[in-house]
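What follows is one structure encoded as structure tokens, with my remarks underneath.
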Amino acid sequence: MITYPNCKINLGLHVVGRRPDGYHDLETLFLPVTDLCDELEIHPSTGSEQPIIMQEGITLDNAPDDNLCIKAWRLLHDEFGIPAVSIRLKKGIPFGAGLGGGSSDAAFTLKMLNAMFSLGLDAAGLEHRAARLGADCAFFIQNRPAYATGIGDQLTPLEFSIFNFQFSIQIEIPDNEHVSTKEAYQGLNRDLFGRPRPDLRETVRRPIEEWRNLIVNDFEASVFPAHPAIAALKEDMYARGAIYASMTGSGAAVFGIFDK
């Protein structure tokens with residue numbers, strides 16, 4: 001079985017407060033982007049009690065056993081006793097870029113294993129398990145536009161077809177730029193916590209030409225001073241005719257929305 005886990009972008013990202021457990025509550029719109037994806041192939045394994053993963057494409061900086069695909073298998077193995085599998089993962093989505101590539105791989109692994117071994121899990125059951133693997137993993141189960149709250153795991157589907165025909169999305173990352181999640185959160189403007197914000201679900205209904213002054217990613221204020229190349233890429237996209245541009249997640253990727 002083979003699938004193509006895609007990336008996501010954030011349309012707006014508000015960090016609304018810090019939780020007692022140390023995580024942060026967010027408000028954001030997740031939008032799947034299918035033009036940038038990984039390649040994931042899974043087959044039943046023979047002669048092994050443990051899963052095997054072969055990684056190709058972009059080199060990852062984690063040990064194979066730490067890969068979220070393996071963690072997804074372990075989660076279902078512990079619960080349902082599924083047998084070992086052989087996984088081939090060809091990475092096309094850069095990691096540590098705010099694009100959710102690892103989360104997408106994990107969610108697609110859950111969906112594939114659910115189908116392969118006839119576990120009978122519905123979307124809600126898969127989302128519940130995906131959320132245990134990462135904050136935005138649950139989004140990739142249904143893989144459709146969604147308004148996300150909590151730590152990114154509370155999802156409300158959003159009808160949003162603006163990009164179907166009229167616009168295209170371009171995603172770029174400055175050379176040699178990487179923003180750790182820890183770094184991004186440490187630099188947040190905590191004066192924004194608890195302050196009323198525009199409702200993103202309503203804001204995206206406004207003409208896209210107005211988004212530049214309305215839809216904000218809170219991480220840009222802390223990331224851009226430390227990574228001017230990311231800020232410069234966003235401005236370059238506007239110079240190239242983007243109608244709207246933004247950093248996605250905590251960076252370092254930037255996307256631009258252009259007329260087709």
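- Considering all non-hydrogen atoms of both residues, A131 and D153 come closest at CB-CB, 4.3 Å.
- Between atom OG of residue S168 and atom CD1 of residue I257 there is a gap of 9.0 Å, rounded to the nearest 0.5 Å.
- We find the CG-OG1 distance between L11 and T203 to be 10.5 Å, quoted to the nearest 0.5 Å.
- Annotation: the span from I53 atom CD1 to C69 atom SG amounts to 5.0 Å, rounded to 0.5 Å.
- Residues satisfying the ring pair (Phe, Tyr, Trp, His ring centres under 6.0 Å) criterion with F140, sequence neighbours excluded, are absent altogether.
- In this structure, V179 and I230 have side chains that are in contact, with non-hydrogen atoms separated by less than 4.5 Å.
- Side-chain heavy-atom separations under 4.5 angstrom define the hydrophobic clusters, and the remaining members of the one that includes Y4 are I2.
- Between E39 and K90 there is no salt bridge, since none of the side-chain N atoms of the basic residue sits less than 4.0 Å from a carboxylate O of the acidic one.
- Every residue two or more places apart in sequence or in another chain was checked for a ring pair (Phe, Tyr, Trp, His ring centres under 6.0 Å) with H14, and none qualifies.
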Evaluate the side chain to side chain contact (heavy atoms under 4.5 Å, CB included) criterion for residues D105 and L68: first the C-alpha distance (whole Å), next the side-chain angles of each, then the deciding distance (0.1 Å), finally the verdict. CA-CA 7 Å; D105 296 336; L68 282 172; 5.7 Å; no
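- For E49, the CD atom sits in a loose shell: 12 or fewer heavy atoms of surrounding residues, nucleotides or ligands are nearer than 6.0 Å.
- Without hydrogens or angle criteria, N217 side chain to G249 main chain gives a donor-acceptor distance under 3.5 Å.
- Under the 4.5 Å side-chain contact rule for hydrophobic residues, I87 and M1 share a cluster.
- Side-chain heavy atoms closer than 4.5 Å link hydrophobic residues (I, L, V, M, F, W, Y) into clusters, and following such links, possibly through other members, connects W73 to F80.
- Judged as a side-chain contact (heavy atoms from CB on, under 4.5 Å), and not counting sequence neighbours, the contacts of Y238 are R212, K234, E235, A242, Y244, A245.
- For the side-chain contact (heavy atoms from CB on, under 4.5 Å) with T28, the lone residue among N10, D218, D136, I9 that qualifies is N10.
- E177 approaches A229 most closely through the heavy-atom pair OE2-CB, 3.5 Å.
- Residue D78 places its CG atom among more than 12 non-hydrogen atoms of other residues, nucleotides or ligands, all under 6.0 Å distant.
- A distance of 10.0 Å separates CD in E127 from CD in Q154, rounded to the nearest 0.5 Å.
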Give the intermediate values and the outcome of side chain to side chain contact (heavy atoms under 4.5 Å, CB included) for residues F219 and V15. CA-CA 8 Å; F219 286 113; V15 185; 3.9 Å; yes
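- Here the shortest heavy-atom pairing between A97 and I173 reads CB-CD1, 3.6 Å.
- The shortest non-hydrogen separation linking T109 to A72 is CG2-CB, 3.9 Å.
- Side-chain atoms of R129 come within 3.5 Å of backbone N or O of G125 as a donor-acceptor pair.
- The shortest side-chain heavy-atom distance between S86 and M54 falls under the 4.5 Å cut-off.
- The main-chain N or O of G17 is never found under 3.5 Å from a side-chain atom of H24 such that the two would form a donor-acceptor pair.
- Note that CG of L31 and CG of N143 are 10.0 Å apart. Values are rounded to the nearest 0.5 Å.
- Between P32 and P145, the shortest heavy-atom distance links the atoms CD-N, 3.7 Å.
- Using a 4.5 Å heavy-atom threshold, the side chains of S246 and I215 count as separate.
- With respect to the salt-bridge test (charged N to carboxylate O, under 4.0 angstrom), the residues R240 and D236 qualify.
- V16 and V216 fall into different hydrophobic clusters, where Ile, Leu, Val, Met, Phe, Trp and Tyr are joined by side-chain heavy atoms under 4.5 Å apart, directly or via other members.
- Considering all non-hydrogen atoms of both residues, L99 and P94 come closest at CD1-CD, 4.1 Å.
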I would like to know whether L155 and Y147 meet side chain to side chain contact (heavy atoms under 4.5 Å, CB included); could you show each step before the answer? CA-CA 6 Å; L155 302 169; Y147 173 66; over 6 Å; no
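- Counting only distance, with no hydrogens or angles, the side chain of K111 and the backbone of I141 share a donor-acceptor pair below 3.5 Å.
- In terms of hydrophobic clustering, with Ile, Leu, Val, Met, Phe, Trp and Tyr side chains grouped at heavy-atom distances under 4.5 Å, L40 and L76 are assigned to a common cluster.
- Under the side-chain contact (heavy atoms from CB on, under 4.5 Å) rule, D38 has a single partner from T3, N6, I58, L89, which is L89.
- Contacts of F117 classified as ring pair (Phe, Tyr, Trp, His ring centres under 6.0 Å), with partners at least two apart in sequence or in another chain: none.
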Could you please spell out the steps behind the side chain to side chain contact (heavy atoms under 4.5 Å, CB included) verdict for C137 and R132? CA-CA 8 Å; C137 286; R132 294 165 56 186; over 6 Å; no
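- The ring pair (Phe, Tyr, Trp, His ring centres under 6.0 Å) search around F30 returns F139, not counting sequence neighbours.
- Within the model, atoms CD of Q170 and CD of E172 stand 6.5 Å from one another, a figure rounded to the nearest 0.5 Å.
- Considering only heavy atoms from C-beta on, P157 comes within 4.5 Å of R144 through its side chain.
- A distance-only check finds a donor-acceptor pair linking the side chain of E220 to the backbone of M247 [under 3.5 Å].
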